[in-house]
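Numbers here simply count residues along the sequence, with the first being 1. Order of listing sets the numbers, starting from 1, for every ligand and every atom in it.
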Amino acid sequence: MKLSAKVNFIILPVMLVIFSLAGILSYNSQKTQLISSLSEKIEYELKHISDSLKDSLYELDSVANMFLGGQSVNKYLNNLRFDSHKNYSNKELVKSINQLELRGGEIVIFGILNSDKEEVFLYDAEDPFATIEITEAITEHFAYINENIKPQGVSELQPSRYQLLMTEKRGNEILWIRTFSPDQAISTTSFSKGHSIYTAIIKLRLPRATNYMHELKSSLGENVLINISPIGHSQTMESVTTLNFMNDKDINYGLYLANQLWKIEVSVPYTYLDKLYQPYRFLFLSIVIAVTGITFILLKSLITSRIINPVVNLTKQVEDTVPGDKLRIARLQSNDEVSLLTNKYIDLIMKLDNIAKYDHLTGLANRIQFQLELSKLVSNSLNQQTRFAMFYIDLNNFKSVNERFGHFIGDQVLKVFSTRLAESLHETNLTHGDESQFDIARLSGDEFGLVIHNVRDMNNVVQAAKNIISLFDEGFRIDNHLFDIGISIGIAMYPDDAEDADHVIKKADIAMYSAKSCSHSAYQFYTSKLSYEIERYETVTMSLKDALVNNEFYLVYMPIYDCQNGSLRGCEVLLRSTNETLAAYGPEQFIPIAEKSGLIKDMDYWVLESAFQKLSEWIKKFSFSGVLAINFSSWQLKNPEFVEKVSGLIDTYQVPPQLIELEITETCFVPGEHKNGDILSALHGLGVNLSLDDFGTGFTAFSQLIDYPIDILKIDRMFINEINKGKTEDRPLVDIIVDVAKLYHLEVVAEGVETEEQLNYVRALGCQLVQGYFLSKPLPEAEFVLLLEKSNPQVSEIVLDKEGNGDLSSPRCQVL
Ligand code: C2E
Ligand code: CA
Ligand code: CA
């Protein structure tokens with residue numbers, strides 16, 4: 001999972017949970033607040049209704065009391081008592097009643113009953129013929145009065161009673177009942193039996209409940225419900241008013257107010273509450289979503305800019321970093337972990353980069369860096385139409401320093417050399433202002449690369465090469481040590497010799513190899529001929545490797561005859577290959593290349609093994625007792641295993657060693673080297689004969705022959721060829737060679753005899769053995785075996801087929 005997805009995954013759920021919780025809590029507290037403000041409103045309304053009811057009641061109480069204690073009622077009752085005329089002053093009283101003005105309601109009934117519950121007056125605003133309806137409350141009141149007025153003395157009574165009447169039709173009415181005596185002040189509430197006692201009944205019609213409803217609805221909304229229920233009657237209004245929550249919570253939310261007279265309920269249904277909450281629900285949901293969203297975006301953008309982006313940038317920069325290119329990652333200034341990581345990474349990369357680019361010993365650029373720089377230089381030079389020179393520098397004989405003095409000293413030599421190299425280039429004046437016009441690199445062990453930029457004058461290049469070589473004029477001296485090393489420099493020019501960096505290096509390398517073939521320090525400019533040589537070298541080397549792996553070698557056999565009696569003395573085995581390339585180049589070309597590449601080691605082993613195998617086969621089949629001459633490369637003189645190899649073969653194939661003749665080429669044989677002598681002596685010690693091949697072409701002084709265990713000299717074809725060609729008065733060189741060989745008691749083989757005259761000449765000279773096209777070309781095994789079968793090498797007379805078999809490829813044999 002990507003870092004940014006991970007961050008989403010972590011912060012989004014956490015934020016959702018936290019903000020949802022906060023949202024729910026806020027919503028609930030909002031709900032509580034809503035309820036409490038609703039409660040306040042309801043409470044207010046309840047009190048308002050109750051107070052208005054109370055006001056009406058108090059007003060009624062005081063107005064009615066005053067009226068009952070007033071003259072009108074008094075007069076009426078006195079008239080009634082003393083005139084006993086029922087309707088006396090009736091009109092006057094009604095008039096007085098009509099003049100009563102009450103704010104809290106309208107008097108609809110005003111009646112007076114005497115102590116016997118008989119109606120003494122009635123005013124009914126709606127029905128002039130009505131009589132007082134004796135309700136239960138009135139009955140109860142009378143019962144109370146009668147019960148409590150003591151027959152003797154005065155009784156203190158609760159003279160008034162109220163009842164709230166609720167009717168569908170008429171609305172709310174207060175029934176007011178008051179017992180009084182016109183004989184005493186209305187405020188006096190103690191009565192005695194002898195008093196004339198009356199009870200007034202007043203019905204006050206209150207404003208209709210719908211008015212409350214209207215008020216409520218306008219303040220609490222359409223869905224509000226009000227219920228005013230009369231509880232009963234009470235003589236006093238001193239009773240406690242309580243305010244309560246309604247129990248019916250499943251349906252409604254509301255409050256009620258109750259006292260002895262009434263219970264007023266105001267409630268709102270839950271659906272209404274729900275509607276009330278709904279906008280808040282929506283609001284809080286929106287807030288949660290918005291806050292979550294905004295916080296998420298803020299957090300995310302902070303995390304992205306402060307953490308993810310630096311990490312992503314780092315990753316991208318790391319991905320974009322091309323090995324060898326400039327590091328494109330910028331250091332970060334802050335000291336958070338991401339910056340630390342980035343900076344640590346940069347340090348690491350720089351270190352790795354240094355390791356990857358520079359040689360740790362000399363501090364010079366390494367081969368990879370050199371190649372990169374060279375590629376850049378090629379494109380710059382192409383753009384600016386300039387030339388540059390590349391020097392491929394290799395130390396000669398450096399291996400011996402390591403071998404003789406150890407690697408530590410070897411390293412010091414390389415270090416000192418790299419410093420002196422740079423110094424010598426500075427002295428050559430290869431700088432242009434402040435800018436140095438050259439680059440040095442260590443390409444491998446003792447190989448260095450040098451590039452001289454912007455070459456205008458080839459003399460500078462030559463001078464640079466000469467100055468470098470002059471560092472080795474008297475060997476390479478460090479303090480008091482003189483190291484016997486030299487230097488080979490190959491030089492290639494861009495764009496003259498190559499079009500790209502790889503080829504510039506390759507061609508300088510080719511030139512260097514050519515310079516190496518000199519025995520002393522040297523420089524060599526690349527030429528196309530060198531290139532051909534290298535190409536040939538590479539093709540042949542490849543083919544040799546293939547041939548070794550695929551067993552594409554075979555042997556041919558060049559007969560060797562006794563020069564004096566013409567008997568077959570044996571043969572020289574010569575290497576051939578079925579590999580097309582090798583066959584085309586022939587052994588004369590592929591053998592030297594095999595020697596340079598070291599492949600000759602295995603090839604020689606293969607020849608030896610095959611030759612030994614043949615020899616033992618022939619001994620068994622034909623009782624062969626001739627010689628088998630086998631060529632081996634002077635390369636083997638450096639190979640300590642070679643002697644073991646030969647002795648091992650002698651043991652394995654159980655061949656008499658004296659039948660083996662090992663030929664070493666004189667051109668490659670360096671006399672005077674002790675090792676050569678040691679190996680030759682060891683070989684000789686095995687009982688095999690040693691012959692010095694191509695004698696006369698090398699530099700072996702005759703006097704040196706005595707130092708080596710050589711048995712046979714093979715006079716090179718070149719000298720045989722001179723026979724009959726030179727001026728008659730001059731003694732051919734071959735004469736001298738044969739004379740000297742006799743002096744050293746060496747057998748002489750005349751090689752490359754192509755004519756009868758040459759044969760006769762060498763025979764006359766006293767050469768013991770002879771080989772050459774005049775006698776036979778190298779033969780395939782089958783043909784050589786035919787020769788063997790026809791002749792016993794030990795029989796002096798060999799019967800040779802004069803005509804051969806007429807086939808050109810078949811051997812041309814001659815009777816000697
Ligand atoms: P080499 O040892 O001097 O071999 C003699 C070469 O001279 C052979 O060439 C042979 O074919 C050629 N030759 C002999 N008689 C005449 C003649 O009358 N006229 C002319 N024109 N040439 C004659 P080849 O086989 O091409 O070998 C060339 C060289 O390759 C050999 O010279 C030898 O140095 C090397 N060589 C051949 N086989 C082997 C081998 O098995 N091992 C090693 N180390 N070197 C070998
Ligand atoms: Ca030979
Ligand atoms: Ca030879």
Between E572 and K714 (salt bridge meaning N to carboxylate O under 4.0 Å), is one present in this structure?
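Yes, charged N to carboxylate O under 4.0 Å.
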Salt bridge E617-K620, side-chain N to carboxylate O under 4.0 Å
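The answer is no: the pair does not qualify as a salt bridge.
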Using a 4.0 Å cutoff against the non-hydrogen atoms of [X], which atoms of ligand 1 qualify?
X: P778; value: 11 (O)
X: G772; value: 15 (N), 18 (O)
X: F632; value: 44 (N)
X: M558; value: 14 (C), 15 (N)
X: S633; value: 44 (N)
X: R576; value: 25 (O)
X: D693; value: 1 (P), 2 (O), 3 (O)

N or O contact, [X] vs ligand 1, cut-off under 3.5 Å:
X: E754; answer: yes
X: E588; answer: no
X: L575; answer: yes
X: Q771; answer: no

So, E447 and S444: side-chain donor and acceptor under 3.5 Å apart, yes or no?
yes
Any donor-acceptor N or O pair under 3.5 Å, side chains Y561, S567
no
Can any side-chain N or O of S418 pair as donor or acceptor with the backbone N or O of T362 at less than 3.5 Å?
no
Does any N or O in the side chain of N631 come within less than 3.5 Å of the main-chain N or O of V573, such that one atom is a donor and the other an acceptor?
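Flag set: sc N631 to bb V573 pair under 3.5 Å.
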Suppose we only count N/O/S atoms under 3.0 Å; would E663 qualify as near the Ca ion (ligand 2)?
yes
Are W606 and Y554 near enough that their ring centres are under 6.0 Å apart?
no
Name the one of F417, F483, F398 that satisfies ring-ring contact (aromatic ring centres under 6.0 Å, His included) with F472?
F417
Is the number of heavy atoms from other residues, nucleotides or ligands under 6.0 Å of M542 CE greater than 12?
no
For D693, what is the atom name of its N, O or S atom nearest to the Ca ion (ligand 2)?
OD2
Out of curiosity, is E595 lining ligand 1, as in a heavy atom under 4.0 Å away?
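False for this residue.
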Does K777 have a heavy atom less than 4.0 Å from any atom of ligand 1?
no
Should the proximity of [X] to ligand 1, defined as any heavy atom under 4.0 Å, be assigned to the side chain, the backbone, both, or neither?
X: I630; value: neither
X: M603; value: neither
X: D604; value: side chain

S597: partners by side chain to side chain contact (heavy atoms under 4.5 Å, CB included), with sequence neighbours left out
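For S597 the side chain to side chain contact (heavy atoms under 4.5 Å, CB included) partners, ignoring immediate neighbours, are Y537, T541, L599.
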To check your reading of the site, what angle at the Ca ion (ligand 2) do OD1 of N631 and OE2 of E572 form, to 10°?
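Between OD1 of N631 and OE2 of E572, at the Ca ion (ligand 2), the angle is about 90°.
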Check for me whether K466 meets the cation-pi criterion with Y523, that is, NZ or CZ under 6.0 Å from the six-membered ring centre and within 45 degrees of the ring axis.
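No cation-pi geometry.
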Please tabulate, for side-chain N and O atoms in residues 489-497, each donor-acceptor pair with protein atoms closer than 3.5 Å (sequence neighbours left out).
from : atom 1 : to   : atom 2 : distance (Å)
D496 : OD1    : R387 : NE     : 3.3
D496 : OD2    : R387 : NE     : 3.4
D496 : OD2    : R387 : NH2    : 2.7
D497 : OD2    : M493 : N      : 2.8

